[in-house]
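Worksheet for the structure shown next.
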Amino acid sequence: MPANSPVPIPPLFLERMKNFLGDEFPVFAESLNGIPKSGLRVNTLKLTPEQFKALSLFSLGENVPWCPSAFTLDGEDRPGLHPYHLAGLYYMQDPSAMSPAELLAPQPGERVLDLAAAPGGKTTHLAALMKGEGLLVANEIKNKRVGHLAQNVERWGAGNVVVTNESPERLADHFGAYFDRVLVDAPCSGEGMFRKDMGARADWSTEMVAGCATRQGNILRVAAKLVRPGGYLLYSTCTFAPEEDENVVARLMEESGDFEVLPLPQFPGFMPGRPDWAESAPQGLSGAVRLFPHRVIGEGHFVCLLQRKAGDEKERAWDASPVRISKQFWPLWQAFLQEVVNVNLTGERLRVVGERLYYQPENIPNLNGVHLIHPGIWIGTFKKERFEPAHPLALFLKPGEARSVLNLAADSRELAAYLRGESIPTEVTGWTLVTVDGFGIGWGKGVQGILKNHFPRGWMV
Ligand code: SAM
């Protein structure tokens with residue numbers, strides 16, 4: 001069967017939803033035949049939503065009511081193919097999937113964990129809300145998915161993120177109750193994907209719902225251990241089944257006795273959590289929110305925010321283990337700072353791994369033993385007699401921080417050639433930041449009238 005050929009919506013799913021939704025069911029069922037709404041969330045680390053709108057690039061629709069940095073998308077635009085996407089100016093996301101990060105509301109400077117993070121929709125959102133400050137650990141258990149997460153994080157250009165590839169259990173063993181906020185965007189039966197993913201329809205069964213519920217309970221139980229006393233735990237899914245939503249939270253509350261549900265803001269169209277749909281869930285669960293495609297713009301989500309009770313659990317002691325720049329490499333780094341970039345990078349945040357230099361989030365604890373995929377911004381690599389900038393640095397630098405810049409227009413032939421990996425004629429010499437309308441997109445090296453291309457192959461569209 002071709003990947004997205006039509007698959008009927010499972011009749012048993014519809015029957016269950018009819019029982020839950022009662023009078024609302026016909027409108028819900030009708031909405032499942034509608035076209036999925038996509039959204040575009042602006043990278044506020046690089047520009048404001050107003051500045052983005054002024055670029056008049058795509059047919060942007062209304063603002064997403066619960067996410068001030070996002071717009072709905074109308075029309076036939078393909079923003080994923082635009083050079084601004086490669087420069088990390090925005091992320092394409094279902095508007096309902098923008099609710100978890102907004103409702104968790106992380107603050108700049110906090111310690112935040114995104115436990116099930118690939119491909120990075122919520123990670124990029126959390127990083128922007130944190131203004132790139134503090135520590136955001138974005139974790140993905142699956143080897144196959146973690147690379148995509150790391151690439152999305154690198155494109156975003158946030159200096160406060162590390163990407164890990166671990167099980168929740170191993171993270172809990174390493175960190176203990178370390179984080180101010182933990183997001184669990186759990187793997188689920190994906191009923192909220194039925195409009196856009198025929199595979200989700202084909203895979204659905206009540207056995208699958210039950211299996212997901214068990215797995216979600218296990219993940220949430222471990223996630224709870226990672227929240228500091230007084231900290232916050234946000235649980236979300238893109239499914240409507242109460243077994244995977246209210247029931248999972250109710251079980252955690254019952255078992256741990258240490259968490260209470262905080263009532264979330266009810267934006268127009270949101271439905272309160274439904275303890276009455278669950279097996280046995282406390283009334284407080286009506287403080288959660290349910291997003292349905294017949295009530296709001298978006299595909300569907302469940303979001304519940306919990307707070308851990310205050311307590312006196314002590315944080316474990318961390319021994320710092322920065323690996324600083326060696327004497328041998330120091331002059332190469334100094335020369336790079338003088339010739340190529342004009343940026344103030346705090347010394348304690350620099351870390352050498354092999355030949356690579358990274359800029360890590362501030363006050364990072366010792367991560368020895370944790371499988372790190374992206375230890376921070378990869379700044380560059382020490383070669384025999386020089387230091388070469390890395391692609392993620394191009395996406396991290398702010399305007400004015402590169403000494404040599406070649407600015408190309410988004411619709412120029414030169415930029416199209418550069419993004420295809422070709423050399424382009426230019427007067428600039430040495431390492432040069434290529435920008436698209438002022439936004440860093442990659443590196444090139446000017447030699448004798450030619451800009452040698454350093455745009456990585458794996459990033460070409
Ligand atoms: N938060 C992501 C985003 O916004 O782009 C989407 C996350 S997706 C709903 C759930 C993720 O959980 C998947 O990437 C999946 O690989 C991961 N996962 C699967 N089993 C898991 C487990 N046992 N523990 C933790 N994560 C798991």
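Computation of the quantities below employed the complete heavy-atom set of this structure, encompassing side-chain atoms and omitting hydrogens, waters and symmetry-equivalent molecules. Just so you know, ligand 1 is whichever comes first in the structure, and atom 1 is the first atom listed for that ligand.
- The two residues Pro68 and Pro49 come nearest to each other via the heavy atoms O-CG, 3.8 Å.
- With a 4.5 Å cut-off on side-chain heavy atoms, Cys67 and Gln93 do not count as touching.
- At under 3.5 Å, not a single nitrogen or oxygen of Tyr91, backbone or side chain, sits near a nitrogen or oxygen of ligand 1.
- In this structure, the side chains of His391 and Trp378 stay at 4.5 Å or more apart for every pair of heavy atoms.
- Protein heavy atom nearest atom 14 (O) of ligand 1, with residue, atom name and distance: Glu140 OE1, 2.6 Å.
- Here the shortest heavy-atom pairing between Gly132 and Asn160 reads O-CB, 3.2 Å.
- Arg215 NH1, 3.5 Å is the protein heavy atom nearest to atom 20 (N) of ligand 1.
- Shortest contact from atom 6 (C) of ligand 1 to any protein heavy atom: Ala118 O, 3.1 Å.
- For the pair Pro119 and Arg145, the minimum side-chain heavy-atom distance is below 4.5 Å.
- Here Lys122 has heavy atoms under 4.0 Å from ligand 1 in both its backbone and its side chain.
- At the top of the distance list for atom 10 (C) of ligand 1, counting protein heavy atoms only, stands Asp185 O, 3.4 Å.
- Ion pairing of Asp114 with Lys122 is absent here, as no side-chain N (NZ or NE/NH1/NH2) approaches a carboxylate O to less than 4.0 Å.
- Between Ala186, Gly121, Pro187, Ala97, it is Gly121 that holds the heavy atom closest to atom 5 (O) of ligand 1.
- Using cut-offs of 30° and 60° for the angle between ring planes, the His82 and Phe58 rings count as perpendicular.
- If you look at Ala117 next to ligand 1, the close heavy atoms, those under 4.0 Å, all belong to the backbone.
- In the vicinity of Pro168, heavy-atom distances shorter than 4.0 Å reach the ligand 1 atoms 24 (N), 25 (C).
- Atom 11 (C) of ligand 1 has Ala116 CB, 3.7 Å as its closest protein atom, hydrogens excluded (heavy atom only).
- Summary of contacts: the protein heavy atom closest to atom 21 (C) of ligand 1 is Ile141 CG2, 3.7 Å.
- Taking atom 23 (N) of ligand 1 as the reference point, the nearest protein heavy-atom neighbour is Ile219 CD1, 3.8 Å.
- Using cut-offs of 30° and 60° on the angle between ring planes, the pair His174 and Trp318 is tilted.
- Near Lys142, with a cut-off below 4.0 Å to any heavy atom, the atoms of ligand 1 are 16 (O).
- Here His454 and Trp459 keep their ring centres 6.0 angstrom or further from each other.
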